[in-house]
Amino acid sequence: MQGIQTFSMIKPDAVSANQIGAILAMIEKAGFAIDAISMLQLTQTAAEHFYAVHADRPFYKDLCSFIASGPVVAMVLKKDHAVADLRKLMGATNPAEATEGTIRKAFATSIDYNAIHGSDSDETAASEIFFFFPGYSLLIKRKPIL
Ligand code: GTP
Ligand code: MG
């Protein structure tokens with residue numbers, strides 16, 4: 001069964017270009033509910049931990065420096081098939097290959113500055129949500145107040 005949560009992050013390029021609102025609008029219009037949200041700046045160490053899976057790639061250092069270069073907007077997003085549907089909405093990693101209507105087509109300027117991150121599996125989503133929102137439970141449903 002596919003999960004109903006994913007983790008997403010508006011990257012420093014899009015934040016500094018004042019595109020937070022436009023990107024959140026696309027996310028909400030696509031049917032995602034924003035379940036948690038936080039604006040923060042990662043330390044270099046935190047960025048290196050977040051992208052540790054890419055540690056052996058030649059672009060790793062530059063990628064981590066970029067992610068730590070300014071504030072990001074971290075989010076938990078809810079929707080059926082959240083991981084796959086957000087990846088579709090984001091578009092290809094390289095915006096030159098991103099299709100019309102995707103966030104990266106609209107806002108990414110290069111493969112290095114590609115505006116948004118989205119988890120690539122339910123397992124990654126769980127660990128990324130825990131990394132940014134340690135108080136967020138994937139297991140216990142929130143009860144309505146009333
Ligand atoms: P994220 O949502 O940021 O994880 O992107 P992704 O899942 O679409 O791609 P991936 O996890 O494979 O790579 C992480 C980031 O590394 C990408 O967003 C790119 O900025 C960068 N990256 C990946 N592949 C390349 C590459 O071949 N060259 C360069 N310069 N950067 C790359
Ligand atoms: Mg990735």
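When a ligand or atom number is given, it counts from 1 through the structure's own listing order.
- Listed by chain and residue number, nothing satisfies the ring pair (Phe, Tyr, Trp, His ring centres under 6.0 Å) test with Phe130 (two or more places apart in sequence, or in another chain).
- Looking at Ile67, Asp112, Asp62, it is Asp112 that brings a heavy atom closest to atom 30 (N) of ligand 1.
- Using a 4.0 Å heavy-atom cutoff, Met9 is absent from the residues neighbouring ligand 1.
- Closest of all the heavy-atom pairs between Asp13 and Ser16 is O-OG, 3.2 Å.
- Residue contact annotation: Ile111 has a non-hydrogen atom under 4.0 Å from ligand 1.
- Residue-to-ligand polar distances place His117 within reach of ligand 1: an N/O pair is separated by less than 3.5 Å.
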Please report, to 0.1 Å, the donor-acceptor pairs under 3.5 Å made by any side chain of residues 17-34, with sequence neighbours excluded.
none

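- At the shortest separation from atom 28 (N) of ligand 1 among protein heavy atoms lies Phe59 CD2, 3.7 Å.
- Under a hydrophobic clustering in which Ile, Leu, Val, Met, Phe, Trp and Tyr are joined whenever their side-chain heavy atoms come within less than 4.5 Å, directly or via other members, Met9 and Ile129 fall into the same cluster.
- Closest approach of Ser121 and Val83 over heavy atoms only: N-CG1, 3.7 Å.
- Distances from atom 6 (P) of ligand 1 to the heavy atoms of Asn114, Thr93, Leu63 show the closest one on Thr93.
- Counting heavy atoms under 4.0 Å from ligand 1, residue Arg87 touches it through the side chain alone.
- Residue Tyr51 places a heavy atom less than 4.0 Å from ligand 1.
- One finds the OH atom of Tyr113 at 11.5 Å from the NZ atom of Lys11 (value rounded to the nearest 0.5 Å).
- Using a 4.0 Å cut-off between charged nitrogen and carboxylate oxygen, Glu97 and Arg104 do not count as a salt-bridge pair.
- At least one heavy atom of Arg104 sits less than 4.0 Å from an atom of ligand 1.
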List the steps, then state whether side chain to side chain donor-acceptor pair (under 3.5 Å) holds for Glu48 with Tyr60. CA-CA 8 Å; Glu48 287 170 9; Tyr60 177 62; 4.9 Å; no

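- Looking from atom 14 (C) of ligand 1 to the surrounding protein, the closest heavy atom is His54 NE2, 3.5 Å.
- Interface atoms of ligand 1 facing Gly118, defined by a heavy-atom separation under 4.0 Å, are 2 (O).
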